2 protein chains.
Amino acid sequence: MPIWEYDWAMARAATTTDAFNAVAEPRRRQILQLLAQGERPVGELADLTELAQPVVSKHLRVLREVGLVTVQEQGRQRVYRLNVAPLREIQSWLASFEQLWQERFDAMDSVLEDLQRQEKGQGQ
Amino acid sequence: MPIWEYDWAMARAATTTDAFNAVAEPRRRQILQLLAQGERPVGELADLTELAQPVVSKHLRVLREVGLVTVQEQGRQRVYRLNVAPLREIQSWLASFEQLWQERFDAMDSVLEDLQRQEKGQGQ
DNA sequence: TTGACGTATGCCTATATGGGAATACGATTG
DNA sequence: CAATCGTATTCCCATATAGGCATACGTCAA
């Protein structure tokens, strides 16, 4: 069973295919990290990343398309906010290697127990 | 400060740049999952993935270059084995979103720190 | 209105990809 | 030795990038 369909010549999956592809680009990762500290307008992201504004806008478009960020129009600026949800896809994929993450396994149990004990869970 | 250097026209980071890029390709992810269940020769991977052997060999090359797999020559076949180490880069990046994450993310992260404190990466 | 601001979009180029096909190459077998 | 197996490599192509630059677009201030 093929993993996905394509007409022809799938040189490389589009960056907007999923979180995996979107996040493969270092600058996009950087932007996400910045947004992790709070929402920010495009210009601010451009300053912080030292990237030209159009470049940032393009990266944000990709991130938007995979749902990693959301926009809110505020006056003439667009404030971007991080949405970690799509990262879950990656996280769960990584989780499938848990067992091979040898040492981790033991420690995992105890920590998990702690978590379950404290568990707050505030929706997502 | 720029994240990385390039002469010109960096269309897209090479797939062999890091685990992020290598793993962005779905078939490569599939191969890794298969190897998670045990080492396997190329032919077997080709069968299981229903990909042509040359295609598999190419993917394996990429995975090899980022250290996600290692080979062992056995007679005329090459047995590939998974090496999760490089996945840590991804894991720790994800960990930086801990606070914004709700569930068991913390667990993995703390264990990760332990790992990094203890052993010094061995793969290459 | 006009102009400035904040952002998005369009056009451009070089690039390396993923897969198909053919073939090269080393190891094994006869 | 030759033939075959298991795998890697090469050549081919269409593709969509990432960034530079210019510009379009909507919002706000005079």
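As the structure is a prediction and not an experimental result, all values here were calculated from the model. In the text below, chain A, chain B and the rest are named by the order of the sequence lines, each starting its count at 1. Below, all heavy atoms of this structure are taken into account, side chains as well, without hydrogens, waters or symmetry copies.
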Side-chain contact, heavy-atom cut-off 4.5 Å: [X] with [Y]?
X	Y	value
Leu32(A)	Val69(A)	yes
Val23(B)	Leu87(B)	yes
Phe20(A)	Ile90(B)	no
Thr15(B)	Arg28(B)	yes

Check: Gln53(A) side chain, dA8(C) base, donor-acceptor under 3.5 Å: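 Checked by distance alone, the answer is yes.
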Side chain Lys58(B) and base dT10(D) donor-acceptor under 3.5 Å: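 Counting by modelled atom types and ignoring angles, a donor-acceptor contact under 3.5 Å is found here.
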Rounded distance (Å) that lies between atom [atom2] of [N] and atom [atom1] of [X]:
X	N	atom1	atom2	value
Arg61(B)	dT10(D)	CZ	P	8 Å
Leu51(B)	dA8(D)	CG	P	14 Å
Leu63(A)	dT7(C)	CG	C1'	16 Å
Glu73(B)	dC25(C)	CD	P	16 Å
Phe20(B)	dT17(C)	CZ	P	18 Å
Asp47(A)	dC5(C)	CG	P	14 Å
Leu60(B)	dA8(D)	CG	C1'	11 Å
Arg12(A)	dA16(C)	CZ	C1'	7 Å

According to a strict under-4.0 Å criterion, is [X] in side-chain N/O contact with OP1 or OP2 of [N]?
X	N	result
Tyr80(A)	dG6(C)	no
Ser57(B)	dT7(D)	no
Arg78(B)	dG26(C)	no
Arg28(B)	dG18(C)	yes

Sugar-phosphate, base or nothing in reach of Gln77(A), heavy atoms under 4.0 Å: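 Contact class for Gln77(A): sugar-phosphate only.
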Earlier contact from the 5' end, DNA chain D, for Val62(A) and Arg76(B):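 Between the two, 5'-proximity favours Arg76(B).
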Which heavy atom in [X] sits nearest to a heavy atom in [Y], and how many Å separate them?
X	Y	answer
Val79(A)	Glu39(A)	CG1-CB, 3.6 Å
Pro86(B)	Gly67(B)	CG-O, 3.4 Å
Tyr80(A)	Val42(A)	CE1-CG2, 3.5 Å

Listed nucleotide nearest any side-chain atom of [X], set [options]:
X	options	value
His59(A)	dT28(C), dG20(C), dG19(D)	dG19(D)
Arg27(B)	dA18(D), dG18(C), dA22(C)	dG18(C)
Pro54(A)	dA18(D), dC5(C), dT9(C)	dT9(C)
Ala11(B)	dG20(C), dT17(D), dT9(D)	dT17(D)

Residues from residues 39-46 of chain B lying under 4.0 Å of DNA chain D - heavy atoms: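 Going residue by residue through residues 39-46 of chain B, the ones with a heavy atom under 4.0 Å of DNA chain D turn out to be Pro41(B), Val42(B), Gly43(B).
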